[in-house]
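This report concerns only the one structure given below.
Residue numbering restarts at 1 for every chain, and letters A, B, ... go by the order of the sequence lines.
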2 protein chains.
Amino acid sequence: MAVVSLLNVPDEHPAVRDAWFVRRCTVTPASAPGPLSDLLRLLGVQPSETAGELDFLIPLWRVRSGATLLHEGAPAECVHVVRSGTFKSLKTSEDGYEQVLGFAGPGEVLGFEALCRGQQPMSAVALEDSTVYALPVRSLDGWRQGSPALDHALQFALSRQLARVGEITEMMAAVAAEVRLARFLVWLSAHMLECGQSPRRLRLRMSRRDIASLLGVAHETVSRSFGSLVEWGYLRVDNREVEILDLDGLKAFKRSTRGFADQVSRRHGAGTAASPPARHAPVGVAA
Amino acid sequence: MAVVSLLNVPDEHPAVRDAWFVRRCTVTPASAPGPLSDLLRLLGVQPSETAGELDFLIPLWRVRSGATLLHEGAPAECVHVVRSGTFKSLKTSEDGYEQVLGFAGPGEVLGFEALCRGQQPMSAVALEDSTVYALPVRSLDGWRQGSPALDHALQFALSRQLARVGEITEMMAAVAAEVRLARFLVWLSAHMLECGQSPRRLRLRMSRRDIASLLGVAHETVSRSFGSLVEWGYLRVDNREVEILDLDGLKAFKRSTRGFADQVSRRHGAGTAASPPARHAPVGVAA
DNA sequence: CGATCGTTTGACGGTGCTCAATCACCGTGG
DNA sequence: CCACGGTGATTGAGCACCGTCAAACGATCG
């Protein structure tokens, strides 16, 4: 409870127990559970692979925007698979600072980290109204034995999860703040593509502060970095709406690494219109 | 092959095919495979849990210091479990910069990230002479079905792996370089303890440059940060031998987060010789 | 014993953090 | 309807930290 009280939990604080909080920040069972086949589709399994398997129902939860699906320190009860929506994973330190560790979208697994110690090492908060499949830890082994397809899909998803955190680390490792943001945007773009969305038009579900926390910079720096990327013609930004104007250029720019930072500073010194790969004209909005 | 040629592979380059390279940088089968029970012990399974299970032999490899166990871009053939020694995981960018993503010791899984795409997303290099169990991807499903204990142990290890990368992210997210290094040392200390080693006497297997890469700072900054931690009385350092003099103080210090960076800077201003070990209040006021 | 690599220390310049003020947006309540 | 407080985003100014360049020292291995 000591740990839980640090988080944004509807406890103790009187104001949070009424009004909009109860309406908005809740985790409730969905109207109906979902079929296993839908879960498998989410995890990337082809329908042909599940031929002849039993199709049973999986508990489905509805998580409203702002609600905390997983509480840091809470016991491990369910492993979740995001069906729709977006989540952020975070750790809260004693002084209340929220360290964002990653973002999760459809098909991603949440809460698996808790199995080894029996309690959640991090929290998960919905960034928009979302739905998740809930796989009780106790049922997990049985379900996996009953459905080889589910077993494979989970292995697959965990493998992908591990590969993704490598990408997260790469983002934070970049020297310049603009490069970090560029890597983040390219990463996000790739994931929107995987989800069948447009890779150029991004609707950011997270605040600047969340992005800043993930990238390890101040949130003002994120604002300024957005400004720079816009000025250099890579983006068009309107609050949380981001349109990538030059995805290839952005991918080239994000490769700037330590030891080659001169490429970055060169951008500043030499006119912004000269050095970028292909684009001179400020296609989008002028500063 | 295009990707592989970027790495330190004993191919094409004539110099690497002879002399010390062949002797030192090799991955070879060990003299004999190891029993499954030993693998399960590594992964943290209690012997009692495996009662009545078949004990078969698992291929065991020997990896010499400096050898590359996993090549970025290579096809996924085996999942490895470190039996002894230490590895670093890294991605090599086009310009040759090595981004270290993590370190792995006994009981940790290497190469699982490759399952989802069929090829290694990162390389793994031995930092000392090491041994690893090799679980061929083709045999994996069969072995897991044949041994529920192995199945559970792998799930457990993967969960732990995911929890660990969260810790890595936390390290890189710290503001001040000294805090990052402190977090790294505390992290390392905890893992030495898990492996039955002393949590206070650390023998660093990795270079300053590797640490710097992981923490996202310049390697000179790592040197200077070591100097600061020594000056403040937390450590005693002799090259790669590190003795932690005040583990509790170091743990308190590592909690410094963004938004509370004044704690750090205050350390510099107020005489450096005055503040060190006593550690006034973790989060409270200094001076 | 010599060569190569790793580590340490110094000086300088720049980037990004901190502290602020301002503006836009939203839901609430007058 | 508009005033109001709250949150998030943007922009500016100042300064400290850290990255870069450079050189010296130390360790390791052939």
In whole angstrom, what separates [X]'s [atom1] from [N]'s [atom2]?
X	N	atom1	atom2	answer
B:Leu181	D:dC18	CG	P	12 Å
A:Leu229	D:dA9	CG	P	16 Å
A:Phe226	D:dT10	CZ	P	8 Å
A:Glu220	D:dA9	CD	C1'	10 Å
B:Met172	D:dC18	CE	C1'	15 Å
A:Ile211	D:dG8	CD1	C1'	12 Å
B:His219	C:dT9	NE2	C1'	11 Å
B:Glu178	D:dG19	CD	P	11 Å

Please identify each residue that fulfils side-chain contact (heavy atoms from CB on, under 4.5 Å) with [X], with sequence neighbours left out.
X	value
B:Ser84	B:Thr131
A:Lys254	A:Ala182, A:Arg183, A:Val186
A:Leu188	A:Phe184, A:Leu202, A:Leu204

Inset, instruction - For the residue pair B:Arg240 and B:Arg205, establish whether any side-chain heavy-atom pair is separated by less than 4.5 Å. - result: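 B:Arg240 does not reach B:Arg205 side chain to side chain.
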Legend entry - B:Arg62 atom CZ, neighbour heavy-atom count above 12 within 6.0 Å: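 Open: at most 12 neighbouring heavy atoms sit under 6.0 Å from CZ of B:Arg62.
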Legend entry - ring pair (Phe, Tyr, Trp, His ring centres under 6.0 Å) partners of B:His191, counting only residues at least two apart: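 If we apply the ring pair (Phe, Tyr, Trp, His ring centres under 6.0 Å) test to B:His191, skipping adjacent residues, the hits are B:Trp187.
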Inset, instruction - Could you tell me whether A:Val217 contacts a base, only the sugar-phosphate backbone, or nothing, with contacts defined as non-hydrogen atoms closer than 4.0 Å? - result: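 Sugar-phosphate contact only - A:Val217 comes under 4.0 Å of backbone atoms but never of a base.
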Check: protein-nucleotides 2-6 of chain C nitrogen or oxygen pairs below 3.5 Å:
none

Legend entry - Overall bend - the helix from C:dC1-D:dG30 to C:dC26-D:dG5, comparing terminal axes fitted on five pairs, nearest 10 degrees: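 Both end axes considered, the difference amounts to 50°.
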Inset, instruction - Verify, without hydrogens or angle tests, whether B:Gln99 (side chain) and B:Thr92 (backbone) share a donor-acceptor contact under 3.5 angstrom. - result: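 Answer holds: no.
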Legend entry - B:Ser89 and its side chain to side chain contact (heavy atoms under 4.5 Å, CB included) partner, picked from B:Val100, B:Leu214, B:Leu110: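 It is B:Leu110; the other options fail the test.
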